[in-house]
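We count ligands from 1, going down the list as the structure has it; atoms in each ligand are counted the same way. All values below were derived from every heavy atom in this structure, side-chain atoms included, with hydrogens, water molecules and symmetry-related copies excluded.
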Amino acid sequence: MKVYSPNEKTVIRLRINGQIYETEITPRKLLVEVLRELGFKSVHIGCDTSQCGACTVILNDRSVKSCTVLGIEADGSDIITLEGLAKDGMLHPIQEAFWETHALQCGYCTPGMILEAYWLLKEKPNPTEEEIREGISGNLCMCTGYLNIIKAIKRASEIISTKKS
Ligand code: FES
Ligand code: FES
């Protein structure tokens, strides 16, 4: 196992939204900070105790709270942030559904919430209300009261299954 000294800088390589980035960081730097410094400002910080989920990203196909991962741990990984969801200017169905059902107000939790929904719908394409509530239980929202977020995720699952059929 490599031992890092606190001020030693190491180059890490990340594939973010399909593009390769290299950056030099100290071992204590959190992935959330690395991503924000690379320009992915949709990745938000809402707490310092791993509870809010505002920093959620998809890391090697799993939803992860990027405030609980060190940048050096993520070296070599594949990451999706909210900036990577729309394609050619077309919103991803989950983004479309959030807009359609008024599932956001201040928008601070929204990137993390959408990415959690993205992972949930990959795991369970037709989730029940209970599965949705459980699925987003790691993501806090101070504004919406969650009901419209649940509607949005249901709506997104319909849009995705219609597009597939
Ligand atoms: S910033 Fe709150 S869980 Fe990551
Ligand atoms: S929309 Fe404001 S915290 Fe969720």
Tell me, which protein N/O/S atoms are under 2.8 Å away from atom 2 (Fe) of ligand 1?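 Near atom 2 (Fe) of ligand 1, the protein supplies Cys47 SG, Cys52 SG.
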
To the closest 0.5 Å, what do you measure between CD1 (Ile153) and CE (Met113)?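 If we round to the nearest 0.5 Å, Ile153:CD1 and Met113:CE are 7.0 Å apart.
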
Show me the donor-acceptor pairs within less than 3.5 Å that the side chains of residues 57-64 make with the rest of the protein, sequence neighbours left out.
residue: Asn60; atom: OD1; partner: Asp78; partner atom: N; Å: 2.9
residue: Ser63; atom: OG; partner: Glu116; partner atom: OE1; Å: 2.9
residue: Ser63; atom: OG; partner: Glu116; partner atom: OE2; Å: 3.3

State the atoms of ligand 2, each with its element, that fall below the 4.0 Å cut-off from a heavy-atom position in Gln105. 1 (S)

Which atoms of ligand 2 are found less than 4.0 Å from any heavy atom of Gly107?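 Matching atoms, with element in brackets: 1 (S), 2 (Fe).
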
Are Glu158 and Lys154 close enough for a salt bridge, meaning some N to O gap below 4.0 Å? no

Just so I know, are the side chains of [X] and [Y] near enough to count as touching, which here means a heavy-atom distance under 4.5 Å?
| X | Y | value |
| --- | --- | --- |
| Glu8 | Thr26 | no |
| Lys87 | His92 | no |
| Gln19 | Tyr21 | yes |

Going by side-chain contact (heavy atoms from CB on, under 4.5 Å), Val43 matches just one of Thr56, Leu115, Thr81. Which one? Thr81

Can an N, O or S atom be found in Cys141 less than 2.8 Å away from atom 4 (Fe) of ligand 2?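 For Cys141, the answer is yes, given that an N, O or S atom comes within less than 2.8 Å of atom 4 (Fe) of ligand 2.
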
Short N/O/S contact of Cys109 with atom 4 (Fe) of ligand 2 (below 2.8 Å):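 Checking atom 4 (Fe) of ligand 2 against Cys109, an N, O or S atom does fall under 2.8 Å.
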
Starting from atom 3 (S) of ligand 2, what is the nearest protein heavy atom, named by residue and atom, and what distance separates them?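 Minimum-distance protein heavy atom for atom 3 (S) of ligand 2 reads Met142 N, 3.2 Å.
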
Nearest heavy atoms of Phe98 and Ala152, plus distance in Å: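 Distance-wise, the nearest heavy atoms are CD1-CB, 3.6 Å.
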
